[in-house]
Chemist: 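What follows is a single structure, and I will ask about it in a moment.
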Amino acid sequence: MAAEDGGGEKKGADAAVARKAKGQGGFRTMPFILANDFCDRLASVGFTSNLITYLTLQMHLPLVQASNIITNYNGTANLTPLVGGLVADSFADRFWTITFGSFVYQIGMVCLTLSAALPSLHPPPCAKHAADCQRASSYQIAVLYLSLLCTSIGTGGTRPCTMAFGADQLELNAHGRRGARPKWSFFNLYFFAVELAKLTAVTAVVYIQENVGWGWGLGVPTIAMLAAVIAFVSGYSLYVRMPPGGSPMVRLAQVAVAAFKKRKATVPDPSLLYQDKELDAGISTTGRLLHTDQLKFFDKATIVTEGDVLPSGKPKPWRLSTVHRVEELKSIIRILPICAAGIILVTSSSHNHSFAIQQARTLDRDLTPHFRIPPASMLIFTNLAMLLTLAFYDRVLVRVLRRFTGRPNGITHLQRTGVGLTIAMLSNAVAAVVERRRRSVAAASGLLDAPKATLPMSVFWLVPQFTIHGVANAFMDVGRMEFLYDQAPESMRSTAAALYWLTFSIGSYLGTLLVTIVHAKTQRSGQWLPDNLNRGKLDNYYWLVVALEVVNLVYFFVCVKYYTFKPLDTVGGEEEVELYHGNGNGTDDTKKQGGSFK
């Protein structure tokens with residue numbers, strides 16, 4: 001049984017025409033969206049990149065405790081986007097979710113700045129000997145936690161929506177033109193702006209923190225966050241604003257419940273499964289998802305039985321679902337195993353940043369007699385590598401690869417992600433070799449028991465690991481986000497973006513567990529991660545990370561081998577066409593009903 005009313009398609013088409021008539025969307029919106037995210041990332045990276053220094057040298061916390069605080073903060077900050085994405089997709093829309101999140105983030109930054117600026121909110125400076133350092137009191141740590149909690153909640157509103165909101169401005173502007181394809185280069189542009197903000201943060205902001213003071217060092221990001229809110233809101237009249245399509249979680253639950261109720265029913269021919277274009281119009285403005293043969297149990301939700309339809313002709317949502325809604329659930333289930341590969345990646349490398357900064361603090365950082373590189377500014381090499389790789393990839397590598405693969409984007413989203421995962425392993429292998437070299441220099445110099453001494457070894461030994469990590473991110477992060485945006489149902493793209501951040505959240509919490517276990521299990525045989533890294537075995541930890549990443553890479557390849565891309569039924573001009581959306585290359589294999597476009 002199928003309701004073939006075309007009103008839903010007309011409604012979606014009329015909405016697109018209305019947006020275009022108002023002059024909304026397109027690249028004209030990019031300065032406002034990217035300026036918001038630039039200032040947002042300048043604020044967040046401005047304090048998180050050097051937070052390990054603030055916690056160990058200003059709050060006087062032990063290395064492992066400080067590192068775990070940072071990882072737990074990152075876990076919470078990457079968990080709240082799941083809630084924010086659901087709120088945006090359900091009822092608030094992306095614009096207002098981003099605005100609210102930015103405001104709450106601003107409150108957290110103000111509290112954090114006050115924590116650093118007011119003497120009563122942080123312990124006094126250390127005396128001459130480290131043993132005389134007074135740790136932060138419970139009250140002072142509580143204020144710190146409250147500040148971090150506010151920034152975490154604010155992040156929940158901005159992170160899942162900004163990328164999807166920006167991509168909407170370009171994709172919806174191109175919708176309806178035959179041959180037009182989504183401008184996936186937006187994600188390269190987005191990550192380029194993010195890395196530019198990070199570059200500014202780890203140079204200018206970190207320099208202020210190390211040489212002027214933490215009050216100003218956190219005050220500058222706070223001012224930047226205020227500028228972010230103003231920049232974003234000022235572009236209100238130009239934005240394409242996708243209306244929320246109702247709670248996606250409720251729709252997914254309705255499909256699961258309806259399928260369970262009919263678990264004993266036999267699935268008929270796919271052409272007889274229930275469809276209702278008018279009912280799905282609000283959640284399929286760019287096209288309806290077509291039936292797939294995977295996860296057939298959920299197809300039972302589309303079988304029409306007695307009592308499934310009201311006298312008005314409308315289906316009872318907890319008893320009968322459309323093919324489009326069933327395929328929404330299937331799409332999310334198919335995405336999850338690919339997302340899970342990101343969890344192990346984050347778990348294995350979640351503490352590497354903090355440990356690398358502590359390594360840098362022990363090395364010779366003098367550029368001139370009057371200038372010393374702040375340890376956290378070593379991240380500049382990661383940011384520069386990612387910026388250059390993104391530019392090279394988008395302007396050169398894609399054109400070269402296109403000649404061999406015939407794909408407009410050179411390689412698929414999943415291939416790009418796999419390349420990044422492979423390069424990331426090399427980064428940690430190099431880090432292990434360099435750490436072994438650093439510790440041998442400490443032993444040869446008789447400085448094993450002098451953790452605050454500067455070793456006769458240049459900090460630039462750390463450049464390769466930071467640089468390789470930046471190259472890996474340029475492939476890995478962009479590829480994963482493009483994949484999620486492409487393969488997620490249209491009405492769940494904020495939620496799908498939240499899945500990207502959710503992998504960071506779960507990975508961060510598991511990373512804390514990993515470090516805690518390693519720290520506990522190695523106490524008797526020689527600690528790997530003591531406060532004094534000269535007496536530790538950090539290189540062993542890096543090799544453990546490499547081993548985990550090898551296992552994760554094999555798992556990722558298995559998931560990719562069995563992944564099925566979503567098919568989409570859309571409208572192109574006067575004709576209805578079928579798109580096998582997201583073969584991972586930024587293009588669509590397009591089939592006209594009754595013929596083919598190749």
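Along the sequence shown, residues are numbered consecutively beginning with 1. Just so it is clear, the model here is predicted, and its values are computed rather than measured.
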Chemist: To the closest 0.5 Å, what do you measure between CD (Gln465) and CE (Met378)?
Modeler: 8.0 Å
Chemist: First locate atom CD of Gln359, then atom CG of Leu538, and finally report the distance between them rounded to the nearest 0.5 Å.
Modeler: 5.0 Å
Chemist: Indicate, with yes or no, if the rings of Tyr145 and Tyr73 have centres closer together than 6.0 Å.
Modeler: no
Chemist: Please say whether the positively charged group of Arg416, taken as NZ for Lys or CZ for Arg, lies over the ring of Tyr393, i.e. under 6.0 angstrom from the six-membered ring centre and within 45 degrees of the axis.
Modeler: yes
Chemist: The criterion is side-chain contact (heavy atoms from CB on, under 4.5 Å); which residues satisfy it with Val433, sequence neighbours excluded?
Modeler: Trp543
Chemist: Under the criterion ring pair (Phe, Tyr, Trp, His ring centres under 6.0 Å), I'd like the reasoning laid out for Phe232 against Tyr239: C-alpha separation, chi angles, the key distance, then a yes or no.
Modeler: CA-CA 10 Å; Phe232 181 72; Tyr239 299 137; 5.3 Å; yes
Chemist: Among Thr155, Thr151, Leu149, find the one that has a side-chain contact (heavy atoms from CB on, under 4.5 Å) with Ile153.
Modeler: Leu149
Chemist: Verify the ring-centre separation between Tyr236 and Phe95: is it less than 6.0 angstrom?
Modeler: yes
Chemist: Are the side chain of His122 and the backbone N or O of Gln140 linked by a donor-acceptor pair below 3.5 Å?
Modeler: no
Chemist: Which distance, rounded to the nearest 0.5 Å, do you find between the CG of Leu414 and the CZ of Arg480?
Modeler: 11.5 Å
Chemist: Answer with yes or no after comparing the ring centroid distance for Phe355 and Tyr542 against a 6.0 Å cut-off, counting only values under it.
Modeler: no
Chemist: Minimum heavy-atom separation for Gly479 and Thr417, please, with both atom names.
Modeler: C-OG1, 3.3 Å
Chemist: Does the side chain of Arg438 come under 3.5 Å of the side chain of Thr362 through a donor N or O and an acceptor N or O?
Modeler: yes
Chemist: For the pair Leu144 and Leu55, evaluate side chain to side chain contact (heavy atoms under 4.5 Å, CB included) and give the outcome as yes or no after the intermediate values.
Modeler: CA-CA 10 Å; Leu144 174 68; Leu55 295 177; 3.5 Å; yes
Chemist: Any ion pair linking Glu210 and Arg361 (charged N to carboxylate O, less than 4.0 Å)?
Modeler: yes
Chemist: So, for Gly418 and Leu553, which heavy atoms are closest and what is the spacing to 0.1 Å?
Modeler: O-CD1, 4.1 Å
Chemist: Is Arg94 close enough and on-axis enough to Phe165, meaning under 6.0 Å and within 45°, for cation-pi?
Modeler: no
Chemist: Between Thr382 and His469, is there a donor-acceptor pair closer than 3.5 Å when you use the side chain of the first and the backbone of the second?
Modeler: no
Chemist: Looking at residues at least two apart in the chain, or sitting in another chain, which of them share a side-chain contact (heavy atoms from CB on, under 4.5 Å) with Ile380?
Modeler: Leu199, Val202, Thr203, Leu384
Chemist: What closest approach, in Å, do Arg28 and Leu238 show between heavy atoms, and which atom pair accounts for it?
Modeler: CD-CD2, 4.0 Å
Chemist: Checking the side chain of Gln487 only, and the main-chain atoms of Leu484 only, is there a donor and an acceptor separated by less than 3.5 Å?
Modeler: no
Chemist: Any side-chain donor-acceptor pair under 3.5 Å between Tyr509 and Asn72?
Modeler: no
Chemist: When the aromatic ring centroids of Phe460 and Phe466 are compared, is their separation below 6.0 Å?
Modeler: no
Chemist: If we count only N and O atoms by modelled type, under 3.5 Å, do the side chains of Thr454 and Asp364 hold a donor and an acceptor together?
Modeler: no
